Amino acid sequence: MKILENDKNNVYFLVGEENISPKDLTKEHLLKILNNVYENKENIEFPTEEKINEIKNPVEKEIVDQIVKKIHEFADNVDNLKEQINSKFPEIKNEE
């Protein structure tokens, strides 16, 4: 599952069924993306550095680069986060 779509003229974060431009991304959109990463880490497709470098607008490029790096860091820590949560709150059952 992609988190970013980059066509010739525009770049969008894919949030559920919505395409959100980097300048319009809200905290709620980021929360949805992070929740999706938490729940489906194995299926997330991160954009390559080349794809990010294809973004023409330098401001959008920097925004996208920083957000994607943070989402990637979060994805790398998901297993550790799940383990910490399960050890601190063992009585809470997963809905999986």
Side-chain angles (χ1 to χ4, degrees):
M1 176 183 310
K2 290 181 176 182
I3 61 168
L4 189 76
E5 185 65 46
N6 185 5
D7 63 25
K8 293 181 181 179
N9 298 319
N10 299 304
V11 60
Y12 301 102
F13 282 96
L14 305 176
V15 183
E17 300 295 318
E18 296 179 83
N19 294 342
I20 310 295
S21 72
K23 65 180 177 156
D24 295 329
L25 201 65
T26 65
K27 288 190 286 187
E28 288 77 21
H29 294 129
L30 286 172
L31 181 60
K32 287 180 183 178
I33 293 170
L34 292 173
N35 187 54
N36 194 24
V37 170
Y38 184 84
E39 296 293 330
N40 305 297
K41 180 183 110 169
E42 298 80 22
N43 299 325
I44 301 298
E45 183 181 327
F46 288 96
T48 62
E49 195 69 33
E50 292 80 30
K51 277 285 191 193
I52 292 174
N53 286 333
E54 289 175 3
I55 300 170
K56 295 184 185 339
N57 182 324
V59 174
E60 282 188 343
K61 181 178 174 180
E62 185 63 27
I63 292 169
V64 167
D65 186 48
Q66 293 298 318
I67 291 173
V68 167
K69 283 180 182 175
K70 292 300 179 185
I71 294 171
H72 209 297
E73 284 177 27
F74 178 77
D76 290 342
N77 288 317
V78 164
D79 292 334
N80 187 35
L81 289 170
K82 285 182 178 181
E83 188 177 306
Q84 286 179 3
I85 290 169
N86 289 334
S87 70
K88 291 187 182 196
F89 304 101
E91 67 277 357
I92 297 176
K93 295 184 179 190
N94 285 339
E95 296 178 18
E96 297 176 10

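Because the structure is a prediction, the values reported are computed rather than measured.
For the side chain to side chain contact (heavy atoms under 4.5 Å, CB included) test, residues two or more places apart in sequence or in another chain that qualify with N53 are E49, K61. Applying the side-chain hydrogen bond (donor to acceptor under 3.5 Å, both in side chains) test to E28 and every residue at least two apart in sequence or in another chain returns T26. The side chain to side chain contact (heavy atoms under 4.5 Å, CB included) check on D7 picks up N9, N10, Y12, with sequence neighbours excluded. Legend: residues meeting side chain to side chain contact (heavy atoms under 4.5 Å, CB included) with E54, ordered by chain and number and at least two apart, are N6, K51.
Cluster annotation: L31 and L81 are assigned to distinct hydrophobic clusters (Ile/Leu/Val/Met/Phe/Trp/Tyr, side-chain heavy-atom contacts under 4.5 Å, transitive). Each of M1 and F46 belongs to its own hydrophobic cluster when Ile, Leu, Val, Met, Phe, Trp and Tyr are linked at side-chain heavy-atom distances under 4.5 angstrom.
Under a 3.5 Å cut-off, the side chain of N86 and the backbone N or O of K82 do form a donor-acceptor pair. The backbone N or O of N43 lies less than 3.5 Å from no partner atom in the side chain of N40, so there is not a single donor-acceptor pair.
More than 12 heavy-atom neighbours from other residues, nucleotides or ligands sit within 6.0 angstrom of NZ on K41.
Residue N36 holds its CG atom at 8.5 Å from CD1 of I33, rounded to the nearest 0.5 Å. Between the CG atom of L25 and the CD atom of E18 there is a distance of 10.5 Å, given to the nearest 0.5 Å. Atom-to-atom distance recorded for F13:CZ and I3:CD1 is 6.5 Å, nearest 0.5 angstrom.
Each of N19, I20, L4 was checked for a side chain to side chain contact (heavy atoms under 4.5 Å, CB included) with L14, and the lone residue meeting it is N19.
For residues 15-38, no residue pair satisfies the ring pair (Phe, Tyr, Trp, His ring centres under 6.0 Å) rule, not counting sequence neighbours.
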Tell me which donor-acceptor pairs under 3.5 Å the side chains of residues 63-77 have, and how far apart each pair is, sequence neighbours excluded?
residue, atom, partner, partner atom, Å
D65, OD2, K69, NZ, 3.3
Q66, NE2, E62, OE2, 3.0
N77, ND2, E73, O, 3.1

